[in-house]
Asks: 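Sending over a structure as structure tokens; questions will come in a sec.
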Protein chains: 2
Amino acid sequence: MPRAALTRERILQAGIRLADTGGSGSITMRKLGRALDVEAMSLYNHVANKDDLLDGMIDLVFGEIDLSPAGADWEERMRASAVSAHDAFLRHPWACGLILDPGTPRVIPARARYMESILGRLRDARFSAELTYHGYHALDSHILGFTLWEIGHALPPGDPAELFAGFQRLFPVSEFPHLAEHVRQHMTDGSHRDVGAFEFGLGLILDGLKRMRG
Amino acid sequence: MPRAALTRERILQAGIRLADTGGSGSITMRKLGRALDVEAMSLYNHVANKDDLLDGMIDLVFGEIDLSPAGADWEERMRASAVSAHDAFLRHPWACGLILDPGTPRVIPARARYMESILGRLRDARFSAELTYHGYHALDSHILGFTLWEIGHALPPGDPAELFAGFQRLFPVSEFPHLAEHVRQHMTDGSHRDVGAFEFGLGLILDGLKRMRG
DNA sequence: ACCTGAACACCGTTCAAGT
DNA sequence: ACCTGAACACCGTTCAAGT
């Protein structure tokens with residue numbers, strides 16, 4: 001049986017699968033070729049280069065965001081689509097870091113549609129051009145920035161008690177009492193990697209914007 | 001004249017200088033060796049590996065943050081130290097991305113002191129343990145996340161008019177009216193890379209925390 | 001004690017050669 | 001039209017050999 005023909009679509013899907021399981025460090029032209037039973041050089045027939053590959057993968061992730069959620073008012077709908085974005089970026093934890101990586105600005109169709117949607121809904125909710133400008137920045141930077149922050153602060157695998165002990169040795173309670181308390185909260189909380197923490201900051205932003213609109 | 005002796009301190013300083021001018025992609029054991037007139041392998045006598053090098057560099061950046069700013073009340077002081085952190089990360093635009101990079105959790109002395117200071121000041125300002133926990137996350141993720149977001153969204157070099165034209169060709173005004181308006185605001189605003197944009201989100205968070213404290 | 005040459009296992013990418 | 005072998009210019013890191 002001849003293997004399935006290589007297409008851009010199949011390459012992007014395989015790239016996402018590879019990154020989901022191995023992290024962004026595992027995305028390599030050579031590894032991706034191996035996953036597709038093909039030499040790395042073959043990929044260049046369907047993808048301009050590695051950046052083009054990453055752009056395509058990220059475009060698909062943005063495509064998973066629900067931009068028309070149900071909801072009674074603008075605030076409820078804005079919260080719902082932010083949570084949908086948060087969910088998508090948690091499903092693909094490699095994406096936020098690549099999107100925010102300075103040096104390679106990624107202008108991507110699905111991201112443009114995402115921006116257009118959020119900006120339009122703020123304007124429709126009677127936000128001024130000025131407040132929409134700053135409000136979008138606050139929302140987008142929270143969605144991408146907080147999610148990346150959250151992914152990086154997840155408890156690493158391994159025995160929590162042992163982890164905590166090693167941490168205490170580096171930063172003794174006597175010198176870092178508040179830090180110790182904070183870390184303990186992280187341990188008992190399980191991980192803070194839940195919708196709650198994301199929505200806490202989101203709520204602050206939405207509340208603030210609503211009050212500023214007057 | 002024999003060249004100056006290699007030390008960990010000199011290596012970290014040279015690394016920061018290299019990254020400041022060339023971006024995080026320019027940090028290479030080989031390039032760093034060249035900058036110090038030394039073979040790359042020599043660095044391993046003073047630094048365990050590349051991650052240890054990056055940890056040391058980031059530690060120095062955290063050390064630049066003013067943790068005891070003047071100010072009448074907790075809110076004013078919290079805003080001042082957040083702005084000081086923002087300044088430090090803008091001086092070294094490669095740092096945020098490395099700090100937030102998942103997969104290599106960086107437990108670094110200067111960062112522990114930074115956390116201890118902020119957590120302690122929230123508790124001193126009569127925030128509950130619970131609110132301090134979430135408030136710290138909101139503040140830290142805004143400081144690191146927004147700053148990284150901001151650095152990545154700076155206008156790339158080149159003729160702005162030409163840039164705008166290329167953008168319009170990809171995303172026509174008819175289909176993306178709000179996006180076009182937003183981009184136009186970015187152009188006339190110069191860059192939003194100023195304290196104002198950072199403080200906008202910071203103000204939303206501080207206001208929200210103050211109200212939740214009751 | 002510290003520096004280095006040679007080597008190893010990786011990268012992204014090009015290009016001529018095959019089918 | 002699409003795939004590949006060989007090659008190039010890079011990586012991080014180890015280790016024995018030099019001083």
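Below, chain A is the first sequence line, B the second, and so on; all start at residue 1. On a predicted model such as this, the values are computed, not experimentally measured, just so you know.
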Asks: Ignoring the backbone of B:Glu39, work out which of C:dG5, C:dA7, C:dG12 is nearest its side chain.
Replies: C:dG5
Asks: Side chain of A:Thr28 only, please: which of C:dG12, D:dT14, C:dC15 is the nearest?
Replies: C:dG12
Asks: Cut-off 3.5 Å, side chains only: do A:Ser81 and A:Arg121 have a donor facing an acceptor?
Replies: yes
Asks: Inspect the contact between B:Arg106 and B:Asp51 and indicate whether a charged nitrogen and a carboxylate oxygen are less than 4.0 angstrom apart.
Replies: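 Yes, charged N to carboxylate O under 4.0 Å.
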Asks: How long is the line joining CE of B:Met41 and P of D:dT13, in whole Å?
Replies: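 Going from CE in B:Met41 over to P in D:dT13 covers 13 Å.
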Asks: Should the pair B:Trp149 and A:His137 be assigned to parallel (<30°), tilted (30 to 60°) or perpendicular (>60°) ring geometry?
Replies: tilted
Asks: Counting just side-chain N and O atoms, does A:His46 come under 4.0 Å of either OP1 or OP2 of D:dC3?
Replies: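 Yes, such a contact exists.
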Asks: Check every strand shown and say whether A:Ser42 touches a base, only sugar-phosphate, or nothing at a heavy-atom separation below 4.0 Å.
Replies: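 It contacts base atoms.
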Asks: Expressed as a whole number of angstroms, how long is the span from A:Leu43:CG to C:dC15:C1'?
Replies: 16 Å
Asks: Could you check B:Asp51 against A:Leu6 and say which one's nearest nucleotide on DNA chain D is further toward the 5' end?
Replies: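 First, find each residue's nearest nucleotide; the 5'-ward one identifies A:Leu6.
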Asks: Using atom CZ of B:Arg8 as one end and atom P of C:dC2 as the other, report the distance to the nearest whole Å.
Replies: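 Whole-Å distance recorded here is 14 Å.
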Asks: Among D:dG12, D:dT13, C:dT13, which is the nearest nucleotide to the side chain of A:Asn49?
Replies: C:dT13
Asks: Reading DNA chain C from 5' onward, which residue's closest nucleotide shows up sooner: A:Ala48 or A:Arg34?
Replies: A:Arg34
Asks: Can you check the B:Ile27 CD1 to D:dC10 P distance for me, whole Å?
Replies: 18 Å
Asks: If you check every side-chain atom of B:Tyr44, which of D:dC11, D:dT4, D:dT14 has the closest atom?
Replies: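 Side chain of B:Tyr44 sits closest to D:dT14.
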Asks: Take atom CG of B:Asn45 and atom P of C:dG5, then tell me their distance rounded to the nearest Å.
Replies: 14 Å
Asks: Hydrogens and angles aside, do A:Glu181 and A:Gln185 bring a side-chain donor and acceptor to less than 3.5 Å of each other?
Replies: no
Asks: Using whole Å, report how far CZ of A:Arg30 lies from P of D:dT4.
Replies: 14 Å
Asks: May I have the distance from B:Asp37 (atom CG) to C:dT4 (atom C1'), rounded to whole angstrom?
Replies: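 So the CG-C1' distance, B:Asp37 to C:dT4, works out to 14 Å.
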Asks: Determine the interplanar angle of the B:His182 and B:His186 rings, folded into 0 to 90°, and report it as parallel if under 30°, tilted if 30 to 60°, perpendicular if over 60°.
Replies: perpendicular
Asks: For DNA chain C, produce a single dot-bracket line, 5' to 3'. Pairs: Watson-Crick or G-U wobble, both distances under 3.5 Å. Symbols: ( ) within strand, [ ] crossing, | other strand, . unpaired.
Replies: ||.|||||...|||||.||
Asks: Choosing from C:dG12, D:dT13, D:dT4, which nucleotide comes nearest the side chain of A:Met29?
Replies: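 So the side chain of A:Met29 is nearest to C:dG12.
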Asks: Rounded to the nearest Å, what distance is computed from the CG atom of residue B:Asp52 to the P atom of nucleotide D:dG12?
Replies: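 Taking atom P of D:dG12 as the reference, CG of B:Asp52 is at 14 Å.
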Asks: Does C:dC11 have OP1 or OP2 under 4.0 Å away from a side-chain N or O of A:Lys31?
Replies: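 A:Lys31 to C:dC11 OP1/OP2: side-chain N or O found under 4.0 Å.
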Asks: When the ring planes of B:Phe89 and B:Phe62 are compared, do they come out parallel, tilted or perpendicular, using 30° and 60° as the limits?
Replies: perpendicular
Asks: So, do B:His142 and A:Phe146 have ring centers that fall under 6.0 Å from each other?
Replies: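 B:His142 vs A:Phe146: aromatic centres not under 6.0 Å.
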Asks: With distance as the sole criterion, is a donor-acceptor pair present between the side chains of A:Glu9 and A:His46 under 3.5 Å?
Replies: no
